[in-house]
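Letters A, B, ... are given to chains in the order of the sequence lines, protein chains preceding strands, and every chain is numbered from 1. Atoms considered below: every heavy atom in the structure, side chains included; atoms not considered: hydrogens, waters and symmetry mates.
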Amino acid sequence: MKDYNFSEIEKKWQDYWRKNSIYKVTEDKSKPKYYVLDMFPYPSGAGLHVGHPLGYIASDIYARFKRLNGFNVLHPMGYDAFGLPAEQYAIQTGQHPAITTEQNINRYREQLDKIGLSYDWSREVRTSDPAYYKWTQWIFIKLFHSFYNYETNKAEPINNLVYVFENVGFSEEINNTLTKNIEHDVKSFTADEWKSFTEKQQQDILMNFRLAFLAESYVNWCPALGTVLANDEVKDGVSERGGYPVERKLMMQWSLRITAYADRLLSDLDKLDWTESLKETQRNWIGKSEGTSLKFRLLSSEFLVENRNNLGGTSIEVFTTRPDTIFGVSFLTLAPEHELVEKLTTPDRKEAVEQYVTLSKNRSERERMADVKKISGEFTGSYAIHPFTGKQIPIWVGDYVLAGYGTGAVMAVPAHDSRDYAFAKHFGLECPVVILPPVDWDFEDQSYDEKNGKAVNSDFLNGLETKAAIKKAIEEIQKQELGKGKTNYRLRDAIFGRQRYWGEPIPIYYKDGIAYTLEENELPLLLPEVDKYLPTESGEPPLARAKDWKYKKPLSNSSQGERTNPAYQTAASSMWDSLKQNAQEHRKNPTEDESALWQYLKGEQLGVKFRRQHAIGFYIADFVCLDKMLVIEVDGKYHEQQIVDDQLRANDIQQQGFEIIRFTNEEVLVDTENVIEKIKAKLNSLPSRKSAQVLHNKEDLERASHKSGQGEDLGGASYPYEHSTMPGWAGSSWYFLRYMDNKNTNDFVSKEAVDYWKQIDLYVGGSEHATGHLLYFRFWTKFLFDLGLIPFDEPAKKLINQGMITGRSNFVYPISFSISLNVSPTGTDEEENFRNKILLEEQIAGEFEVFYVSELYYKNWESHKESVLNRVKEELKQHMIKRNYSIIEESIRVRKMHVNINYVLNDVLDTGAYKINELYNYPDATFILEDDGENQIYRCGWEIEKMSKSKYNVVTPDDIVADYGADTLRLYEMFLGPLEQSKPWNTQGIEGVHRFLKKLWKLFYDADGKLIVIEGEPSKKELKSLHKLIKKVGEDIENFSFNTSVPAFMICVNELTELKCNNKKILLDYLVCLSPYAPHVAEELWEAMGNKTSITKAYFPAFNPEYLIEDSFSYPISINGKHRTNIEMGMDMAQAEVEQIVLADEVVQKWLEGKQPKKIIFVKGKIVNMVI
RNA sequence: GCGCAUGUGGCGUAAUUGGUAGCCGUGCCAGACUUAGGAUCUGGUGCCGCAAGGCGUGGGGGUUCGAGUCCCUCCAUGCGCACCA
């Protein structure tokens, strides 16, 4: 091959890699594993621009490097395929989002392939694939059936909580230790009361504890998108996607209780190797603040009691981080949504308060934010009593208090809180000072908010420093039972339902107003077909349009949580190893009673098969009949702890769908007959699982053939499904696990795969996911860990945020003016050729734009206006000889408009091309040019902006690949600067990188295309150059400093060219170093030198420091820290010898001016510095 | 307002982690080869100065024999959070 023909080479090797599945990995236990993951993209219709691959290239280099170092690297890719844009497109065109998505994915794949990324595509996942979202739904069901146990500090089956309710009921004490639920208003109840509740009542109570739950709450409602949004999907009061306004609305919604994990999400950040700024962002978002709750009793004055509900015992609870300022409280403020507002308002204040509350409720989030500085509020007319002084404290309503945070009420301390201060000043309320600032302070001017100073006017707190005062105040508050220490979080529960079509259906149906999950073996619940992707006329989500989309209850009565095949696999997969061992132990050493009972059960004496010591869930059952799903337990003596343990165990087993009967060991030994009879009776009452299974399978088939579950009624009743779908982040919250085992139909991921691959070792993606995806991602991982389904509780050990590549937009400057025509156009004059039609149209519009000025005129528009206007007049005169018209001079204006960067080179517009392609309606458009010293040119303005279609500044990787090749693109993107830095795309430097590859080529081939590589031993200089490179590149990749490797490659090639090096040994090692960065050219040259296997199977060369050792070093000699000269001296010289040589030096002598240096600093191999 | 980053030639950037500031690449200047160059090659290029030399890593101060690097302070830019009690 004569020249470096990149397009041929790249095609050749991409084909080779694909055909030979070079990047396919398996769970090879002989090698250490490494998991490198990119955040998967949402396949948008616009395709990839050059910014997207930045992170992909970096992670690809890292993955390739790890492979060269003997690691078994998992490096997969997939698509976050559910999302709004495809659905918006569907609404406009009627095209099914699945089709749009498929097309976009194909386009993405094509683009990704061209870059030469080493993904194992056999592991691809798509969140919109039913085989994938089946498991997203499955995890949702797990969330639904779990609650957060604050005692064990993890998620547990909700049945454990039910057990508590059944046995001891629910009390404040239980809430304090076990559930810590502050948002709900579940009243205490006894165990007996619980049992007397209806199913509906029980389920409603449980809903307050489930991790996936339905609740009425204020949500971000986006009318334009017709859906609710999570907090992180709202930026500055508008939707992140589309920028539509968002308002607050009280709605019944599915949510995930992420707040239960707030503390762990916060504290576990410490064990992650993520950037500090990203961790800080998450800390901010979680927003932990420690303080105390405090109750203010209400003053029950005559008229209050008379007219309203009896408020006698009622009190207002506030949250404060500054209990030390308690004596500075001069009023309380409630959020307008606070439940007590209505009750507290006195008749004379009623009208004003109601008006105010209505007003604030109707304000959108955006309006509220825009008005932050504007203070508003109303007095309710009621008073509370100060808990220590007994003074009356007025109660106000104000929208500066947020309903969703803390208790929705604050104790206002205007002297020491700027917001309270502003409120107090505005309404003329008191500002008692209770902290003496250590500096002069003018309380007339502003509040003193610092946590620093001495308490004054504060009774028992007087004289204490703030820190001590806080402590003392909390002690006193707790002693008098006025409140208790409490932690609040800014983080809110994540709204999970979306009133949209293109998402995972929530696997819930409603029966008698109660939400039930589908059976696990009924998943996936397929997305049904609808006629339109819009809400129904009554405002229901699009899924409500699906015809006959209802849940048909199967005839079998098997309970929830049942596992599918194979039937004997009933153990929790994560526990299997340890359970198996224990079970074997038990089997070998049966107790007396167990042996006795087994005599009657073994074989198929009772008509069915029993198993002994069989693992179910997290536990081992004594005897199991799998067909009837019956467990027989034989217990020892009962004592209290055992009852609890047994019950937990029973819950777990029941959750797997089994029935349990239990006997004491005494019963078994003494009254064996009776025990056997009971077992027989139980067996008879249970249906056979085999037959149930057949039914299930039949239903599965029906479902599949009819799509979307529109199978015929199997005889049971039918119930409506939930109509909202899951948010975009559902599928992306666990996808990293699915790559490990993407074809598994029995489990979301096999235990074997997850035990091998474990956490992501390196996760690369944009920082825009800092608060959304990355929090949910961690949350779901922790949840799955709690259930024992995966062996780690953080998804990604190390995370790198690649910077954004911004675009460089260009602008043109059209001028517009109005023109008045005095005579109506006539006949066929030549002037008719001049935009006759346009003029007519524009005459109606009153303005037109057919003149463009160069940047110069735009920059100094005022001074150029006059001359531009004259130019316009002149131009018009030529074309409109016979027409009677006049320009309305005042109307002339210039504006800035994006221009497609394809018509611009170095900010100079190709006016001809622009006119032909963009201004075909205005063929005579005039460009007013400027002088660049040589020519008249049209200069465009420019700006650095995000790349986007609408800004016409998108550069696609395809264009670059076509012009320079993928290897150049890869090297150049890395060369651009540090990975994490955001930077503008600029094509100027790309030539240099491309030239470097051509120069590399010349080390192998001469001008005639003859291979010039020679065998033999390399020279010392060649080895030195190479090993400098090996060291540098190895270190750079480990430090993710990819940008500095590129110059190292260039330097090495420059040096080897200089040395006229054609040595095969040197060049082979060089290619291996280069191959992670430029895999195609490396493969090609590797093969050209006679290698039969791919360079990806090579080993990264070992660095040998011996080659870098120098005999001598050119020491910089400085005097008083200023560099003066260099002297070449031996590396092994001692200080005395060096001093002698240095002092004898001519240049040094000159600078010393005859003086003797006071001190000589000598650092071996570094520097000599003299102080005079 | 709070928090986290970042600030080096015309531009993108580099600096062995306290030891010769400006590697590499672009751009620019000069030259070579060419009918030509948007090809290739060679040399130069931080600023001031004819030079000797001086100045120079956002500004100011400090620690040190020595500071782009460490400390203090101020300024600018970017990002995140923001009426969170």
Side-chain angles (χ1 to χ4, degrees), chain A residues 235-236 275-289 291 318-322 325 333 335 368-369 371-375 398-402 404-413 416-420 422-423 449 488-492 767-768 770-771 801 803-804 905-906 971-972 975-978 980-996 998-999 1007 1031-1032 1035 1041 1043-1054 1114-1126 1157-1163 1165-1172:
Chain A
K235 293 253 147 70
D236 301 324
T275 60
E276 199 45 47
S277 73
L278 199 133
K279 288 189 193 178
E280 200 54 37
T281 303
Q282 292 219 339
R283 284 188 198 110
N284 269 335
W285 189 260
I286 295 167
K288 181 176 184 167
S289 76
V318 301
F319 173 76
T320 178
T321 55
R322 297 296 304 276
T325 60
T333 316
R368 214 165 143 158
M369 282 164 74
D371 279 358
V372 161
K373 295 271 141 43
K374 212 168 130 193
I375 294 148
D399 71 359
Y400 79 97
V401 178
L402 303 177
Y405 185 77
T407 59
V410 300
M411 60 176 223
V413 186
H416 304 289
D417 182 288
S418 47
R419 295 150 306 179
D420 297 339
F423 195 83
D449 296 12
N488 262 336
Y489 297 93
R490 202 190 72 93
L491 184 75
R492 303 295 147 78
S767 57
E768 67 272 21
T771 48
N801 290 127
M804 191 171 46
L905 185 70
N906 295 329
L971 282 165
Y972 184 59
F975 186 58
L976 230 39
E980 311 204 6
Q981 228 169 64
S982 146
K983 52 226 155 189
W985 179 258
N986 172 352
T987 345
Q988 282 187 330
I990 203 164
E991 294 282 349
V993 175
H994 191 61
R995 265 198 284 271
F996 150 70
K998 286 200 232 171
K999 205 165 173 184
K1031 180 167 190 278
K1032 179 86 179 128
E1035 287 172 357
S1041 171
N1043 54 321
T1044 51
S1045 291
V1046 184
F1049 287 124
M1050 291 176 175
I1051 290 167
C1052 189
V1053 161
N1054 288 348
S1114 175
Y1115 277 94
I1117 312 298
S1118 46
I1119 291 161
N1120 282 344
K1122 281 198 177 22
H1123 176 230
R1124 293 303 176 190
T1125 184
N1126 280 46
K1158 282 188 207 134
K1159 197 173 166 189
I1160 300 177
I1161 292 114
F1162 170 70
V1163 185
K1166 291 258 154 92
I1167 201 165
V1168 180
N1169 188 20
M1170 277 167 285
V1171 189
I1172 53 172

Distance in angstrom units between A/Glu280 CD and B/U6 P, rounded
14 Å

Looking across every strand, which nucleic acid part, if any, lies under 4.0 Å from A/Gly287 by heavy atom: base, sugar-phosphate, or nothing?
nothing

Give the nucleotide from the list B/A85, B/C4, B/G19 with an atom nearest to the side chain of A/Glu276.
B/C4

Is it true that the side chains of A/Asn488 and A/Ser289 contain a donor and an acceptor less than 3.5 Å apart?
no

The side chain of A/Lys1122 is closest to which nucleotide in this list: B/C55, B/U26, B/A85?
B/C55

Result for 5'-nearest mapping on RNA chain B, choosing between A/Arg492 and A/Val993, is A/Val993

Most 5' of A/Gly1121 and A/Ile1167 on RNA chain B, judged by nearest nucleotide
A/Ile1167

Ignoring hydrogens and angles, tell me if any N or O in the side chain of A/Lys983 forms a donor-acceptor pair with the backbone of A/Pro978 under 3.5 Å.
yes

Ion pair present between A/Glu276 and A/Arg283, side-chain N to carboxylate O less than 4.0 angstrom?
yes

Could you check which of B/A85, B/U40, B/G25 has an atom nearest any side-chain atom of A/Lys998?
B/U40

Show me, range against range, the stems involving RNA chain B, built from at least 3 consecutive Watson-Crick or G-U pairs below 3.5 Å.
B:1-7 with B:75-81, B:10-12 with B:24-26, B:27-32 with B:40-45, B:46-48 with B:53-55, B:58-62 with B:70-74

Taking all heavy atoms of A/Gly398 and all of A/Phe423, pick out the closest pair and write down the distance.
CA-CE1, 4.3 Å

Please state the C1' separation for the pair B/U40 and B/C33 - nearest whole angstrom.
8 Å

Between B/G19, B/A82, B/G80, which nucleotide gets closest to the side-chain atoms of A/Thr281?
B/G80

Is the shortest side-chain N/O distance from A/Arg995 to OP1 or OP2 of B/C41 below 4.0 Å?
no

A/Glu991 CD to B/G27 C1', in whole Å, measures 13 Å

How far does the C1' atom of B/G19 sit from the matching atom of B/U26, given to the nearest Å?
30 Å

I want to check one thing: is the phosphate of B/A85, taken as OP1 and OP2, less than 4.0 Å away from some side-chain N or O of A/Ser289?
yes

Distance, rounded to the nearest Å, where A/Leu976 contributes CG and B/C24 contributes C1':
14 Å

In whole Å, measure the gap between the C1' atoms of B/G60 and B/A67 for me.
15 Å

Just confirming the chi classification of B/G9, syn or anti, using 90° around 0 as the syn window.
syn

Pick the C1' atom in B/C24 and in B/U45, then give their distance to the nearest Å.
15 Å

Nearest to the side chain of A/Tyr400 - B/G12, B/U40, B/C83?
B/C83

Are A/Asn1054 and B/G25 close enough that a side-chain N or O sits under 4.0 Å from OP1 or OP2?
yes

Report which part of the nucleic acid A/Pro984 touches: base, sugar-phosphate, or nothing (heavy-atom distance under 4.0 Å, all strands).
nothing

Which part of the nucleic acid does A/Glu980 contact within heavy-atom distance under 4.0 Å: base, sugar-phosphate only, or nothing?
nothing

Looking at the side chain of A/Asn1126, which of B/U20, B/C65, B/G25 is the nearest nucleotide?
B/U20

Hey, does A/Ser767 reach any base, or is it just sugar-phosphate, or nothing, if we go heavy atoms under 4.0 Å?
nothing

Under 4.5 Å between any side-chain heavy atoms of A/Glu980 and A/Thr275, yes or no?
yes

A/Asn1169 side-chain proximity, nearest of B/C83, B/G80, B/G66:
B/G66

Tell me the interatomic distance from A/Ile286, atom CD1, to B/A82, atom P, rounded to whole angstroms.
14 Å

Given the P atoms of B/G80 and B/C41, what is the spacing between them in whole Å?
44 Å

Syn or anti for B/U77 (syn when the glycosidic angle lies within 90° of 0):
anti

On the 0 to 90° scale, with breaks at 30° and 60°, tag the A/Tyr972-A/Trp985 ring pair as parallel, tilted or perpendicular.
perpendicular

How about A/Lys1031: does its NZ atom have over 12 heavy atoms from other parts shown lying under 6.0 Å from it?
no

Taking only the C1' atom of each, what is the distance from B/G46 to B/G68 in whole angstrom?
14 Å

Can you tell me, in whole Å, how much space there is between the C1' of B/C50 and that of B/A36?
39 Å

By the 4.0 Å heavy-atom rule, please label A/Phe1049 as base, sugar-phosphate, or nothing.
nothing

With a non-hydrogen cut-off below 4.0 angstrom, is A/Asn1043 in contact with a base, only sugar-phosphate, or nothing?
sugar-phosphate

Rounded to the nearest Å, what distance is computed from the CG atom of residue A/Asp417 to the P atom of nucleotide B/G1?
17 Å

Using a heavy-atom cut-off of 4.0 Å across all strands, would you classify A/Ile1051 as base, sugar-phosphate, or nothing?
sugar-phosphate

Taking the C1' atom in each of B/A21 and B/G9, what is the distance between them to the nearest angstrom?
11 Å

What is the separation between atom CH2 on A/Trp285 and atom P on B/C4, rounded to the nearest whole Å?
19 Å

Please determine, for the side chain of A/His1123, which listed nucleotide (B/A85, B/A21, B/C24) has the closest atom?
B/A21

Nucleotide nearest A/Asp399 when distance is taken to its side chain, options B/C83, B/A21, B/G80:
B/C83

Close side-chain approach of A/Asn1169 and A/Ile1119, heavy atoms under 4.5 Å
no

Beyond-backbone contact of A/Ile1167 with A/His1123, side-chain heavy atoms, under 4.5 angstrom
no

Take the protein atom CG of A/Asn801 and the nucleotide atom C1' of B/C4, then report the distance between them rounded to whole Å.
13 Å

Go through B/C41, B/A14, B/A85 for me and flag the one nearest to the A/Thr320 side chain.
B/A85

Reckon A/Val1163 touches a base, only the sugar-phosphate, or nothing at all at heavy-atom distances under 4.0 Å?
base

What are the two closest heavy atoms between A/Arg490 and A/Asn284, and how far apart are they?
NE-O, 3.3 Å

What is the separation between atom CZ on A/Arg283 and atom P on B/C2, rounded to the nearest whole Å?
19 Å

Classify A/Arg1124 by what it touches in the nucleic acid, base, sugar-phosphate, or nothing, heavy-atom distance under 4.0 Å.
sugar-phosphate

Non-hydrogen atoms of A/Val1171 and A/Ile1161 that approach each other most closely
CG2-CD1, 4.1 Å

